[in-house]
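I have placed the structure first, in the form of structure tokens, so that the comments after it can refer back to it.
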Amino acid sequence: MHTISQIAKKFAISRSTLLYYDSIGLLSPSGRSNANYRLYSDDDIRKMEKITLYRQAGLSLDSINAILSGANSHLHDALDDRLFAINQEINELREQQQTILRIMKQEHTLPNSSFIDKKTWVSLLAKAGLDELGMRKWHIEFEKTSPHGHQIFLESLSIEQSEIDAIRQWSQAGIKTNLTKT
């Protein structure tokens with residue numbers, strides 16, 4: 001059996017967090033000492049490991065409680081909802097990024113930063129020896145391997161959505177015609 005202090009130290013959380021988890025029924029100790037101190041079992045530690053993992057994924061305590069109390073569908077639904085929320089946040093941040101870049105371009109203050117736009121990326125591919133056909137094959141392979149990743153990458157280059165749609169359409173057409181094999 002493990003004391004509340006040992007659990008708090010092991011998981012780098014406060015004692016008050018563990019007390020709160022107990023009060024909401026998320027993680028209650030399996031036993032008590034003769035002096036009425038909380039004692040946690042190895043099963044409690046495994047449960048705390050899951051709680052920690054789910055918190056790192058950004059799940060709410062209510063969602064975690066539902067997951068731990070039963071059905072696997074709760075886990076899938078909670079993770080699916082969290083992914084959707086993260087994607088929404090990413091899209092909002094990309095829009096903010098594009099707005100900032102437009103303002104910086106207008107004000108002629110675009111920094112020499114880690115930002116890579118389409119022009120810089122195409123230049124890098126060309127310097128690496130890829131011609132137009134090679135770049136097209138690169139996009140087709142990216143689309144085939146990770147369609148969602150391809151979308152995210154193109155968005156990160158601050159390309160207009162209409163151009164992204166066109167790139168992905170001819171990439172998908174290239175997959176169907178096996179252009180990467182030529």
Side-chain angles (χ1 to χ4, degrees), residues 10-14 17 26 48-68 71-182:
K10 178 175 177 61
F11 291 97
I13 58 175
S14 67
T17 297
L26 184 61
M48 186 62 207
E49 287 169 346
K50 287 183 179 182
I51 292 167
T52 301
L53 179 65
Y54 298 151
R55 289 297 291 152
Q56 289 172 345
L59 297 182
S60 70
L61 294 178
D62 287 339
S63 293
I64 294 170
N65 212 352
I67 292 164
L68 294 177
N72 282 339
S73 65
H74 287 298
L75 175 60
H76 176 77
D77 292 344
L79 292 174
D80 197 43
D81 290 347
R82 182 65 187 136
L83 276 177
F84 181 79
I86 289 170
N87 284 332
Q88 290 295 105
E89 292 170 27
I90 288 170
N91 287 336
E92 290 170 11
L93 290 172
R94 274 206 189 89
E95 288 175 14
Q96 291 175 16
Q97 177 192 44
Q98 290 175 1
T99 300
I100 290 169
L101 289 170
R102 278 194 307 275
I103 293 168
M104 292 176 90
K105 278 182 182 179
Q106 289 171 353
E107 301 296 324
H108 305 292
T109 60
L110 192 60
N112 292 329
S113 66
S114 60
F115 173 74
I116 295 180
D117 61 4
K118 176 187 169 189
K119 181 179 175 183
T120 305
W121 183 248
V122 169
S123 173
L124 287 170
L125 290 177
K127 288 177 182 174
L130 288 178
D131 59 8
E132 196 67 35
L133 181 60
M135 289 183 208
R136 183 174 281 261
K137 287 180 179 181
W138 183 90
H139 279 286
I140 292 168
E141 209 46 53
F142 201 160
E143 183 70 25
K144 183 165 69 173
T145 304
S146 176
H148 185 69
H150 192 211
Q151 173 76 28
I152 291 170
F153 174 76
L154 293 171
E155 289 172 355
S156 76
L157 297 177
S158 291
I159 298 173
E160 294 292 326
Q161 188 59 49
S162 59
E163 186 176 359
I164 291 172
D165 293 342
I167 291 169
R168 293 199 60 213
Q169 284 173 359
W170 57 251
S171 295
Q172 291 163 2
I175 293 169
K176 292 175 185 168
T177 60
N178 255 343
L179 185 59
T180 57
K181 302 285 188 225
T182 60

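These values consider heavy atoms only, across backbone and side chains, with no hydrogens, waters or symmetry-generated copies. Residue indices begin at 1 and follow the sequence shown.
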Could you tell me which non-hydrogen atom of Tyr54 sits nearest to which non-hydrogen atom of Leu75, and how far apart they are? CE2-CD1, 3.8 Å
Can you tell me how far CZ of Arg82 sits from CD1 of Ile86, rounded to the nearest 0.5 angstrom? 4.0 Å
Minimum-distance pair of heavy atoms, taken over all atoms of Ala78 and Ile67: CB-CD1, 3.9 Å
CG of Leu93 to CD of Gln88, rounded to nearest 0.5 Å, is 11.5 Å
Output, in order, the C-alpha distance, side-chain angles, deciding distance and verdict of side-chain contact (heavy atoms from CB on, under 4.5 Å) for Asn87 and His148. CA-CA 11 Å; Asn87 284 332; His148 185 69; 4.0 Å; yes
Which atom of Ser171 lies closest to which atom of His139, heavy atoms considered: OG-CB, 3.5 Å
For Glu132, does the CD atom have more than 12 heavy-atom neighbours from other residues, nucleotides or ligands under 6.0 Å away? no
How about Leu79 and Leu59: do any of their side-chain heavy atoms sit closer than 4.5 Å? yes
Separation between CD of Glu143 and CG of Leu154, rounded to the nearest 0.5 Å: 8.0 Å
I want to check something: taking the side chain as every heavy atom from C-beta on, are Glu155 and Gln161 in contact at a cut-off of under 4.5 Å? yes
I need the minimum non-hydrogen distance between Leu26 and Ile51, along with the two atoms involved. CG-CD1, 3.7 Å
In Å, rounded to the nearest 0.5 Å, how long is the span from CG of Leu157 to OG1 of Thr120? 9.0 Å
Around atom CD of Glu89, are there more than 12 heavy atoms from other residues, nucleotides or ligands closer than 6.0 Å? yes
Taking the side chain as everything from C-beta on, heavy atoms only, tell me whether Glu49 gets closer than 4.5 Å to Leu53. no
As an exercise, state the distance from NE2 of His74 to CG of Asp62, rounded to the nearest 0.5 Å. 12.0 Å
If I compare all heavy atoms of Phe153 with all of Ser156, which pair ends up nearest, and what's the gap? O-OG, 2.6 Å
Nearest 0.5 Å, what's the CD-CG distance between Gln151 and Asp165? 7.0 Å
Taking all atoms of both residues into account, what is the closest heavy-atom pair of Met135 and Leu130, and its distance? CE-O, 3.3 Å
Ignoring hydrogens and angles, tell me if any N or O in the side chain of Thr52 forms a donor-acceptor pair with the backbone of Met48 under 3.5 Å. yes
Any donor-acceptor pair under 3.5 Å linking the side chain of Thr99 with the backbone of Glu95? yes
